[in-house]
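Structure record follows, encoded as structure tokens.
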Amino acid sequence: MAYLSKFSFKFYQIIFLILPATLLGEAADYNMSVGVTEVSREIFDLHMLIFWVCVWIGVVVFGIMFWSLWKYRKSKGAVAADFDDNFWLEIGWTVAATLILVVIAVPSTQVMVKAYDDAEGEINIMVTGHQWKWHYKYLEDDISFFSNLSTDPEQIYNKMPKGEFYLKEVDEPLVIPINKRIRFLITGNDVIHSWWVPDFAVKQDAIPGFINTAWTNVPEPGIYRGNCTELCGIRHAFMPVVVRAVEQEEYDAWVVEKVMLAEQEKLLTSKEWTTEELFERGEGFYQTNCVACHQVNGQGIPPVFPALEGSQITLNDAPRQIEILMEGVQGAAMASYAGYSEVDIAAVITYTRQAWSNGENGDGVIVTPQDIVAYKNKTEL
Amino acid sequence: MSTVVETHDHGHHGPAKGLTRWLYTTNHKDIGTLYLWFSCLMLFIGGSMAMVIRAELFQPGLQIVEPEFFNQMTTNHGLIMVFGVIMPAFVGLANWMLPMQIGAPDMALPRLNNLSFWLLPMAFGILISTLFMPEGGPNFGWTFYAPLSTTYAPSTVNYFIFSVHIMGISSILGSINIITTIFNMRAPGMTLMKMPLFVWSWLITAYLLIAVMPVLAGVVTMMLMDINFGTSFFNAGGGGDPVLFQHVFWFFGHPEVYIMILPAFGIASHIIETFSRKPIFGYTSMVYAMSSIAILSFVVWAHHMFTVGMPLAGELFFMYSTMLIAIPTGVKVFNWIATMYRGSITFETPMLFAIAFVALFTIGGFSGLMLAIVPADFQYHDTYFVVAHFHYVLVPGSLFGIIAGVYYWLPKWTGNMYDETLGQLHFWLTFISVNLTFFPMHFVGLAGMPRRYPDYALQFADFNMVISVGAFLFGITQLLLVFIVIKSIRAGKKAKPEVWEGAGELGLEWTLESPAPYHTFTVQPQVK
């Protein structure tokens, strides 16, 4: 409530009269986010300006209408007058409506020009929408990662209490420094998604094959949460956006750490993995990335999401399974996972080939990171 | 408007008996009745889907349906309400009333009329049957954006495409019929600028339909090609562009929005002048306003697409052109109010619905103006604020217009007055529940809840519960409408020819006896 402006306080009072007080918990949430950036604040002010213009037009127009309905009701003996036109009145209200629109159009244009500035950023981040997660790639540093919903499916299916940030939490948020001009290059991998952070007033469609731009400059550290806002399939509601804005020093430290971790990941590819190690790593990956569709028990939700337990591919056709993970399935919900490390892909394949009853009934082929490297080398030729 | 009506006996031309009456009928009144009952059936089918949506959204979490089925519900709810309820209901009213309002014996092309109706059950049979197929029905939203509706769609999308083609043919044939009727069959003396406003609204609507339905057919045909024949209209990988889909779709889609509201403008104008006992204020400006709205509707389409990344000049152009629409729309509202001013007003059910139409449609217009402001739209776009906006213009807008028209003309159709007490009850329950359902959507939308979400964050829980309660009440209340209509068909106080006090002066339909005979105006009346 701290950020409520003079205008929104009046708005609050109006709503309070209309709705039972029980609806207004302490997190009364009924108006646009003021946001933290200069642009988002200007958009909020613009929104309130138009809102009040509409309210006042409404008060005048509805006032005259209900007064006429009351005053000229037949039950009170009103007799109808005999007129049906007035040229100057028609001209008058047409001109008045036009003038009001001009008053709104001027500030709208000014804010628009500012919001749409697509100059280079000090930091440029490629944002790619996937079914159903976001991928972030820092163009100046060698950092890229996926950001998945981290809400437990048990919460979604009402089997355990919902947390404070239900459906607004991810395993790895986007991290940006404050007071830097950040430019987002936004695209889609499969269908159209839309990347929205209300507190930055940034909403841009992520369109496969095209790159859109948006920018922000966040003055305050904090965690900012948003959503995918273009229908992108079954899990459209389950791919939130979370951005962590931090001080410059913290950001620099984070970059160093991420780069180092990436180096270590690369070394892991050449390591000799045991089946148990792969199984364990694959299980973790499966829980994060696969259960939403294929389910914890590997049964999937046929016919849209096929079962992995007892499937001919997971039992006896490791090469095809590698191909599916790397390329996705055309025309189906299964996306390509080629953006993940060779270790993760090998691990999750190995896991699904060993888990449930597949280990007993299948050919028992273990897929190692080297197999994935071999696949990549083969297909890139 | 004074008229001379020649009457002579047409009793020997009564309708055929049994099912064939309805299958083979070429009578405009029978076809109007078919359209209206079809629309009513679809209202309850599409409404049931809305009930599934609201039941799932009653609480956060997934409890009733899976997201896949939820998406099928939102998609089919939208398609059915737009193409199966609002449009056929207006065509039904046009069939019933246009010939009677212009003093014609029937529609100009009666066999075509039969065909345009009977195509509709085919189209919706195909569409709804997909829900029972293993892969499920269309699940990509009623706007079916590519590539979600092409590369990533279930294979039943092909049924959907053919269904849309058939609906389009039906609409185009119906429009040809309406334009031909209006231009060729008006009573002598009824010049264009003497036509009732409902006739004017439909003349403009029919032109819009002929202009844009082929565009819709084009866009779904491109989808068909992309899906089955290896073209790449909407696939960037093959040199196409997913945004092209949106441009073509909304070039159809925005005029479509006015197709769904213009006839309601006509109906509201008649009802307000009838119950204010005063002729409509500013008839000429009403005609010009409707024409301006129709012309402007062709240059505003991309305001549905402010976040696709258009250049600045494009964004500003579509913002300004959209704002312009507020002017003729405002003029219409002012004219309605000026008609009420110094009238002699009574509040029968049709008038109540017409007043609610003016007030609530204006609220939808306000949120429309807010949505036109591009930078603010970055925050509103694809949230429940948009859902609130278009439901305000489509439910208390278009649907209230239809319901008002049904109450207004029902005594003319059945010869019996409807039950006024039940009508008033129906109005108040509908009015309360419609606001309970759609007003809080503004709040959840502004607070950040995106549309087409089967599950949501906890901050939106309270309002969603209110919305669902409102929606259930709204849904149940509409059964009362069916009851009132059937009751009026079976019995009720006999209606006079003019039905409403003083209405005899207002239009040719009120010079006919009630119920209107099976054949009317076989001799053309004279309009002075």
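Chain A is the first sequence line, chain B the second, and so forth, proteins listed ahead of strands; every chain is numbered from 1.
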By a 4.5 Å heavy-atom criterion (distance strictly below it), what part of A:Val79 contacts chain B: side chain, backbone, both, or neither?
-> backbone
Distance-only side-chain donor-acceptor flag, B:Ser285 / A:Glu90, under 3.5 Å = yes
What are the two closest heavy atoms between B:Gly343 and A:Ala78, and how far apart are they?
-> O-CB, 3.7 Å
Centroid-centroid under 6.0 Å between B:Tyr380 and A:His47 rings = yes
Heavy-atom side-chain proximity of A:Trp67 to B:Tyr341 below 4.5 angstrom | yes
Side chain / backbone / both / neither for A:Leu101 at chain B, heavy atoms under 4.5 Å = both
Leading residue by heavy atom contact count with chain B [cutoff under 4.5 Å; candidates A:Ala115, A:Ala97, A:Ala105] | A:Ala105
Can you check side-chain contact (heavy atoms from CB on, under 4.5 Å) on A:Ile301 and B:Glu68, steps first, answer last?
-> CA-CA 10 Å; A:Ile301 309 174; B:Glu68 166 62 21; over 6 Å; no
Chain B interface, residue from A:Phe66, A:Phe165, A:Phe87, A:Tyr157 that has the most non-hydrogen pairs under 4.5 Å = A:Tyr157
Can you measure from CE (B:Met323) to OG (A:Ser108) and round to the nearest 0.5 angstrom?
-> 5.5 Å
Segment of B:Met465 engaging chain A (4.5 angstrom heavy-atom cut-off) | neither
Proximal component of B:Pro311, with respect to chain A [non-hydrogen, under 4.5 Å] = backbone
pair B:Pro375-A:Leu46: side-chain heavy atoms closer than 4.5 Å | yes
Selection from A:Ser40, A:Cys54, A:Gly209 maximising heavy-atom pairs under 4.5 Å formed with chain B = A:Cys54
Of the listed A:Thr94, A:Ile64, A:Thr109, the one with the largest count of heavy-atom pairs under 4.5 Å with chain B is A:Thr109
Examine the side chains of B:Ser276 and A:Tyr72 and answer whether a donor and an acceptor come within less than 3.5 Å of each other.
-> no
Could you tell me whether the side chain of B:Phe366 reaches within less than 4.5 Å of the side chain of A:Phe51, counting heavy atoms only?
-> no
Checking B:Val444 against chain A: side chain, backbone, both or neither under 4.5 Å from a heavy atom?
-> neither
Engaged part of A:Cys232 at the chain B interface, taking heavy atoms whose separation is under 4.5 Å | backbone
Side chain, backbone, both or neither: which part of A:Ile186 has a heavy atom under 4.5 Å from chain B?
-> neither
Given side-chain contact (heavy atoms from CB on, under 4.5 Å), test B:Thr383 with A:Trp196 step by step and report yes or no.
-> CA-CA 11 Å; B:Thr383 68; A:Trp196 183 32; 3.6 Å; yes
Identify which part of A:Ile207 has an atom lying under 4.5 Å from any heavy atom of chain B, answering side chain, backbone, both or neither.
-> side chain
Select one option (side chain, backbone, both, neither) describing which atoms of A:Glu42 are under 4.5 Å from chain B's heavy atoms.
-> neither
B:Arg277: partners by side-chain hydrogen bond (donor to acceptor under 3.5 Å, both in side chains), with sequence neighbours left out = B:Thr346, B:Glu501
Under 4.5 Å heavy-atom distance to chain B, tell me which part of A:Phe83 shows up: side chain, backbone, both or neither.
-> both
Which pair of non-hydrogen atoms, one from A:Asn86 and one from B:Phe281, has the smallest distance, and what is that distance?
-> N-CZ, 3.6 Å
Measure B:Ala338 against the heavy atoms of chain A and call it side chain, backbone, both or neither at under 4.5 Å.
-> both
Do B:Gln63 and A:Asn158 touch side chain to side chain, with heavy atoms closer than 4.5 Å?
-> yes
Can you tell me how far the CG atom of B:Leu458 sits from the CD atom of A:Glu164, to the nearest 0.5 Å?
-> 9.0 Å
Segment of B:Tyr145 engaging chain A (4.5 angstrom heavy-atom cut-off) = side chain
Would you call A:Met112 and B:Phe378 a side-chain contact if the rule is heavy atoms closer than 4.5 Å?
-> yes
Does CD in A:Gln155 sit with more than 12 non-hydrogen atoms of other residues, nucleotides or ligands closer than 6.0 Å?
-> yes
B:Pro450 side chain near A:Cys228 side chain, heavy-atom distance below 4.5 Å = no
Go through the atoms of B:Glu66 and report whether side chain, backbone, both or neither lie under 4.5 Å from a heavy atom of chain A.
-> side chain
With only heavy atoms counted, which part of A:Ile211 is less than 4.5 Å from chain B, the side chain, the backbone, both or neither?
-> neither
Relative to chain A, which segment of B:Asp241 carries a heavy atom at a distance below 4.5 Å: side chain, backbone, both, or neither?
-> both
Mind running side-chain contact (heavy atoms from CB on, under 4.5 Å) on A:Val53 and B:Leu369 for me, showing each step along the way?
-> CA-CA 10 Å; A:Val53 168; B:Leu369 182 61; 5.6 Å; no
Between B:Asn71 (side chain) and A:Gly233 (backbone), is there a donor-acceptor pair under 3.5 Å?
-> yes
When the 4.5 angstrom heavy-atom criterion is applied to A:Ile234 and chain B, the contacting part is both
Angle class for the A:Trp93/B:Phe334 ring planes (parallel below 30°, perpendicular above 60°, tilted otherwise)?
-> tilted
Name the region of A:Asn212, side chain, backbone, both or neither, that has any atom closer than 4.5 Å to a heavy atom of chain B.
-> side chain
Measure distances from B:Ile227 to the heavy atoms of chain A and classify the residue's part below 4.5 Å as side chain, backbone, both or neither.
-> neither
Contacting moiety of A:Tyr166, where chain B heavy atoms sit under 4.5 Å | both
Quick one: which of A:Arg225, A:Lys168, A:Lys114 has the most heavy-atom pairs under 4.5 Å with chain B, could you say?
-> A:Lys168
With the side chain counted from C-beta on, respond yes when B:Ile345 and A:Lys74 share a heavy-atom pair under 4.5 Å apart, and no when they do not.
-> no
Identify the heavy atoms of A:Glu230 and B:His381 that sit nearest to each other, and give their distance.
-> OE1-NE2, 4.3 Å
Top contributor to chain B interface from A:Thr98, A:Leu69, A:Val111 [non-hydrogen pairs under 4.5 Å] | A:Leu69
For B:Tyr320, is it the side chain, the backbone, both or neither that has a heavy atom under 4.5 Å from a heavy atom of chain A?
-> side chain
Measure B:Asn139 against the heavy atoms of chain A and call it side chain, backbone, both or neither at under 4.5 Å.
-> backbone
What is the minimum heavy-atom distance between B:Ser344 and A:Ala80, and which atoms define it?
-> CB-N, 3.7 Å
Under 4.5 Å heavy-atom distance to chain B, tell me which part of A:Tyr116 shows up: side chain, backbone, both or neither.
-> side chain
Interatomic distance, CD1@B:Ile373 vs CD1@A:Ile50, rounded to 0.5 Å, equals 4.0 Å
Output yes when a side-chain donor or acceptor of A:Lys203 lies under 3.5 Å from a complementary backbone atom of B:Thr307, and no otherwise.
-> no
How about B:Leu148 and A:Ile192: do any of their side-chain heavy atoms sit closer than 4.5 Å?
-> no
Which answer fits B:Glu315, side chain, backbone, both or neither, if we ask what part of it has an atom under 4.5 Å from a heavy atom of chain A?
-> side chain
